[in-house]
Amino acid sequence: MQISQELLGKHLVTNFDGQLTVGKIVETEAYRAPEDKASHAYGNRLTPRTKVMFEPGGHCYIYLCYGIHHLFNVVTASDGIAHAVLIRAIEPVWGIETMLQRRNMPQLKTNLSAGPGTCSQALGLTTASSGLSLTDDTAMIWIETPVVSEPFQIQSGTRVGVAYAEESAFLPWRFSIAGNKWVSKAKGL
DNA sequence: CACGGGATCGTCT
DNA sequence: GACGATCCCGTGT
């Protein structure tokens, strides 16, 4: 919860095949097992897929949604506690040409990375990278605090696509940088 | 601009 | 064997 807000404004960096891409995190969602019915680890459900969420924080959980989209999460809690923060949108900062190529887009538009599936694709993140460390010296994915950053207000709302989750569906656990045009359009905010 | 549907496949029952 | 923590494009207004 706190971490999902602290991640706003931070830089998410990937370095695959010598291609450096950087995006400022502008939108996140918190998922907190065991009580959160929207979490894949609800009730501490432990499967081959979810097990990286139970490991100590500092690495990532990436999974495939709707057979098409790779969704990137930061695992945030201590050993045995399955908390994660979904990165829903980034503002491109560096490596824009690479991101456009990955997205197969001719020119820069806000839909380059507004939405969890597209922003993962822009950064080159796939399930193949699930479980990788964000903190190792050799990490290919990591998070940095930008040297300079504009102050911003945090906006919150309910999460997207979790209507099935009963009472958990109404938790205001979606956070974004107010007024940032790279935030996804889902459910207005 | 709002809505509707199709794409597409790993994961769990 | 069903179903998503989604996106995009088509249609109609």
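Lettering of chains follows the sequences in order, A, B, ..., and the numbering in each one begins at 1.
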query: Picking from C:dT6, B:dT8, B:dC9, which would you name as closest to the side chain of A:L64?
result: B:dC9
- prompt: Once you round it to whole Å, what is the distance between C1' of B:dT8 and OH of A:Y66?
  reply: 13 Å
task: Determine the Euclidean distance between corresponding P atoms of B:dT8 and C:dG1; express it in Å to zero decimal places.
output: 22 Å
- request: Compute the ring centroids of A:H40 and A:Y63, then answer whether they are less than 6.0 Å apart.
  value: yes
message: Let's see if you can work this out: which of B:dC12, C:dT6, C:dA5 has an atom nearest to the side-chain heavy atoms of A:T50?
response: B:dC12
query: Given atom NZ of A:K51 and atom C1' of B:dT11, what is their separation to the nearest angstrom?
result: 14 Å
query: Tell me: OH of A:Y63 to C1' of B:dT8, nearest whole Å?
result: 15 Å
A:I177 vs A:W182, side chain to side chain contact (heavy atoms under 4.5 Å, CB included): CA-CA, chis, key distance, verdict: CA-CA 9 Å; A:I177 294 183; A:W182 298 93; over 6 Å; no
Nucleotide B:dC12, atom P - distance to CG of A:N44 in whole Å: 15 Å
message: Can you tell whether the side chains of A:E29 and A:R159 come within less than 4.0 Å, N to carboxylate O?
response: no
- request: Looking only at side-chain atoms of A:R45, point me to the closest of B:dC12, C:dA5, C:dC8.
  value: B:dC12
query: If we only count heavy atoms from C-beta on, is the A:N73 to A:V85 side-chain gap below 4.5 Å?
result: no
query: What nucleotide, of C:dA5, C:dC8, B:dC12, holds the atom closest to the side chain of A:T118?
result: C:dC8
query: Looking across every strand, which nucleic acid part, if any, lies under 4.0 Å from A:L86 by heavy atom: base, sugar-phosphate, or nothing?
result: base
field: Nearest-neighbour nucleotide for the A:R49 side chain, C:dC8, C:dC7, B:dT11 considered
entry: B:dT11
statement: Per nearest nucleotide of DNA chain C, the residue lying toward the 5' end, A:A84 or A:R103, is A:A84
message: Quick one about A:T98 and A:T21 (side-chain donor to acceptor, distance below 3.5 Å, no hydrogens or angles considered), yes or no?
response: no
- request: Could you check which of C:dC7, B:dA7, B:dT11 has an atom nearest any side-chain atom of A:I68?
  value: B:dA7
- prompt: Hey, is the side chain of A:H40 pairing donor to acceptor with the base of C:dA5 inside 3.5 Å?
  reply: yes
query: Hey, is A:Y31 doing a stacking thing with C:dA5, by the 5.5 Å centroid and 30° angle criteria?
result: yes
query: Is it true that the side chains of A:Q121 and A:R102 contain a donor and an acceptor less than 3.5 Å apart?
result: no
Distance in angstrom units between A:N111 CG and B:dC1 P, rounded: 14 Å
- line: Of C:dA5, C:dC7, B:dC12, the nucleotide closest to the side chain of A:H69 is C:dC7
statement: Paired to B:dT8 by Watson-Crick or G-U wobble criteria (both distances under 3.5 Å) is none
task: Would you kindly give the NZ-to-P distance between A:K185 and B:dA2, to the nearest whole Å?
output: 13 Å
query: Taking only side-chain nitrogens and oxygens of A:Y164, does any of them come within less than 4.0 Å of OP1 or OP2 of C:dC3?
result: no
- prompt: Once you round it to whole Å, what is the distance between P of C:dC7 and CZ of A:R88?
  reply: 6 Å
field: Integer-rounded Å distance: C:dC8 C1' and A:Q121 CD
entry: 12 Å
